[in-house]
There are 2 protein chains.
Amino acid sequence: MASNKREDILNAAILLFAERGYDATTVPKIADKAQVGAGTIYRYFENKEALVNALFQECIHKFLEAFKSTKPESTTDVRQQFHVLFHVMVDYAENNTHELHFIDTHCSGHYLDEKSKQIFQDFLDFLKNFIEHGKEQGVLCLLPSDALIAIVYGAFSHLFKLIRIGVIQESTELLDSIEECCWNAIRIH
Amino acid sequence: MASNKREDILNAAILLFAERGYDATTVPKIADKAQVGAGTIYRYFENKEALVNALFQECIHKFLEAFKSTKPESTTDVRQQFHVLFHVMVDYAENNTHELHFIDTHCSGHYLDEKSKQIFQDFLDFLKNFIEHGKEQGVLCLLPSDALIAIVYGAFSHLFKLIRIGVIQESTELLDSIEECCWNAIRIH
DNA sequence: GATGTAGGAATGAATATTCATTCCTATGAT
DNA sequence: ATCATAGGAATGAATATTCATTCCTACATC
């Protein structure tokens, strides 16, 4: 039987970090939720900071892999590419309820180390690439790529926050409409 | 001898809360930045929680007053109303560099009391009103009002975060373009 | 000197981290 | 197969640190 303690700790931690934030989440609380002793956490992670960094890096990595595995470059139709990317985000948000929120609330935390910042930058660069392509094709607004990403991602993450807390009800039609809204925000008219 | 200690404390606190978050901001650090003794803070606020709530309420109040003073109802042109509202947000973001970020990162904090939650709800209801009007006029998408607010506000707040940390350079043209993007996101096509 | 205000050291509760000890499990000898 | 032993894994009580809050002293102002 494989030792899954490390996993247990990470799963407990992401729940608590996403709900309460890094600073308000105590190590003993993580231990409780993971059903391990407090000391066990220090077998797997040097300290609380190392834990949050490992978690952050694994989340981004998973998210980025989800994007990369779609190979949206195979078509030059920017709208179609956008559709694919948008649905990667939706799938990720649906299947990893807390991860998107965790990323969102921790991506500029003071406890992130260089490696975490770097991998997050890689993630942004990947998205930037798509935007840049769309601008070259004359399909997307000629605003800074960072700005266009912020518009879509900002809208998306606030929306999923509302879905997560139950203010609005998720449905295929709603998501399709929202995709259209986001697309309309950045395309050339 | 105008006692401006209370102001000093609030100004120091908003900077630190916006930068580090509520839980990572210690009362002694606030006292240092405000150049007052730690005990002095407790002359003006019952405790740390009362301080953050007072701050939050004053921020939202100021923001909401800025909106209300524009009386966008005087015109029925929804696009024109949107322009006015958007510029209230821009002005607020520009003149109160840290307040928007503070609101953004603290509006769902576990330390907020009923009054803070209520005043924040009032704020959302005000925006909802505008959206509802636009939908009645047949100008805005028939998505839930909360969703439309999230799209615009989410995009806006992420954008100003980038401006604040210097990733993108603010300019009139940029802001005009962004306004157009936000409008395109929620209008009917 | 009485009263109100400020300061910051002192306090105690909460928290991250350590460490001596216990608990498993795999291996090997009988 | 049974038992013995070792060594890594896990534990949680103990420790060190940090922090919100209190409290006592000093300084104004009247």
Side-chain angles (χ1 to χ4, degrees), chain A residues 1-58 102 105-106 109-116, chain B residues 1-59 102 105-106 108-116:
Chain A
M1 60 144 343
S3 166
N4 52 347
K5 299 255 172 213
R6 198 188 123 100
E7 281 288 300
D8 291 347
I9 293 165
L10 288 173
N11 287 334
I14 201 167
L15 276 177
L16 294 169
F17 285 149
E19 265 165 22
R20 284 297 192 113
Y22 174 77
D23 291 297
T25 300
T26 69
V27 174
K29 259 187 239 158
I30 297 173
D32 272 5
K33 183 144 231 163
Q35 307 202 66
V36 300
T40 307
I41 289 179
Y42 290 86
R43 266 209 111 48
Y44 292 95
F45 305 97
E46 200 188 326
N47 51 35
K48 190 182 170 189
E49 231 174 89
L51 166 57
V52 76
N53 275 285
L55 196 52
F56 186 79
Q57 286 161 31
E58 289 182 23
F102 169 72
T105 47
H106 292 72
H110 54 86
Y111 34 76
L112 289 190
D113 62 20
E114 280 313 310
K115 195 176 167 200
S116 291
Chain B
M1 56 118 281
S3 169
N4 53 349
K5 300 249 173 220
R6 197 188 126 99
E7 280 288 299
D8 292 346
I9 293 165
L10 287 173
N11 287 333
I14 201 167
L15 275 177
L16 293 169
F17 284 150
E19 266 166 21
R20 285 296 192 110
Y22 175 76
D23 292 298
T25 300
T26 69
V27 174
K29 260 187 238 159
I30 297 173
D32 271 6
K33 181 144 231 161
Q35 307 203 63
V36 301
T40 305
I41 289 180
Y42 291 86
R43 275 207 113 42
Y44 293 93
F45 304 96
E46 200 187 327
N47 52 34
K48 190 183 170 187
E49 232 176 86
L51 166 57
V52 77
N53 276 285
L55 196 51
F56 185 79
Q57 286 161 30
E58 288 182 25
C59 281
F102 168 72
T105 48
H106 292 72
S108 45
H110 54 87
Y111 34 76
L112 290 189
D113 61 22
E114 281 313 310
K115 195 175 167 199
S116 291

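Because the structure is predicted, anything quoted here is derived from the model rather than measured. Every chain is numbered from 1, with letters handed out A, B, ... down the list of sequences.
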Just list the side-chain donor-acceptor pairs under 3.5 Å for residues 47-58 of chain B, sequence neighbours left out, or say none.
residue: B:N47; atom: OD1; partner: B:E49; partner atom: N; Å: 3.2
residue: B:N47; atom: OD1; partner: B:A50; partner atom: N; Å: 2.9
residue: B:K48; atom: NZ; partner: B:Y22; partner atom: O; Å: 3.1
residue: B:K48; atom: NZ; partner: B:T25; partner atom: O; Å: 2.8
residue: B:N53; atom: OD1; partner: B:D113; partner atom: N; Å: 2.8
residue: B:N53; atom: OD1; partner: B:S116; partner atom: OG; Å: 2.6
residue: B:N53; atom: ND2; partner: B:E49; partner atom: O; Å: 2.9
residue: B:N53; atom: ND2; partner: B:Y111; partner atom: O; Å: 3.0
residue: B:Q57; atom: NE2; partner: B:D113; partner atom: OD1; Å: 3.4
residue: B:Q57; atom: NE2; partner: B:S116; partner atom: OG; Å: 2.8
residue: B:E58; atom: OE2; partner: B:R6; partner atom: NH2; Å: 2.4

Side-chain donor-acceptor pairs of residues 7-18 of chain A under 3.5 Å, sequence neighbours excluded:
residue: A:N11; atom: ND2; partner: A:E7; partner atom: O; Å: 3.3

Result block: side-chain N/O donor-acceptor pairs under 3.5 angstrom for residues 30-40 of chain A, not counting sequence neighbours:
residue: A:T40; atom: OG1; partner: A:G37; partner atom: O; Å: 3.3

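Distance from the side chain of B:R43 is smallest for C:dA6 among the nucleotides D:dT21, C:dA6, C:dG7. Closest approach to the B:Y44 side chain among C:dT17, D:dA20, C:dA6 is made by C:dA6 (side chain taken as heavy atoms from C-beta onward). Ranking C:dG8, C:dA16, D:dA20 by closeness to the B:A38 side chain, first place goes to C:dG8. Side-chain atoms of B:T40 lie closest to C:dG7 of the nucleotides C:dG7, D:dT22, C:dA16.
Taking A:E114 as the reference, A:K117 meet the salt bridge (charged side-chain N to carboxylate O under 4.0 Å, His left out) condition, with sequence neighbours excluded. Listed by chain and number, the residues in a side chain to side chain contact (heavy atoms under 4.5 Å, CB included) with B:S108 are A:K161 (sequence neighbours excluded). Residues forming a side chain to side chain donor-acceptor pair (under 3.5 Å) with B:R20 (at least two apart in sequence, or on another chain): A:H110.
Computed from coordinates, the B:F45 CZ to D:dA20 P distance equals 15 Å when rounded to whole Å. Rounded to an integer number of Å, the gap from A:I41 CD1 to C:dT17 P is 10 Å. As rounded to whole Å, 6 Å separates atom P of C:dA6 from atom NZ of B:K5. Distance A:I30 CD1 to C:dA16 P: 8 Å, rounded to the nearest Å. If you take NZ of B:K29 and C1' of D:dT18, they are 10 Å apart, rounded to a whole angstrom.
Applying a 4.0 Å cut-off to non-hydrogen atoms, none of the residues of residues 108-116 of chain B approaches DNA chain D. Of the residues in residues 7-25 of chain A, not one comes within less than 4.0 Å of DNA chain D through any heavy atom. If you check residues 46-58 of chain B against DNA chain C, you find no residue with a heavy atom closer than 4.0 Å.
Nearest-nucleotide assignment on DNA chain C puts the 5′-proximal partner with B:V36, out of A:V27 and B:V36.
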Please tabulate the protein-to-nucleotide N/O contacts below 3.5 Å involving nucleotides 10-14 of chain C, giving atom names and distances.
none

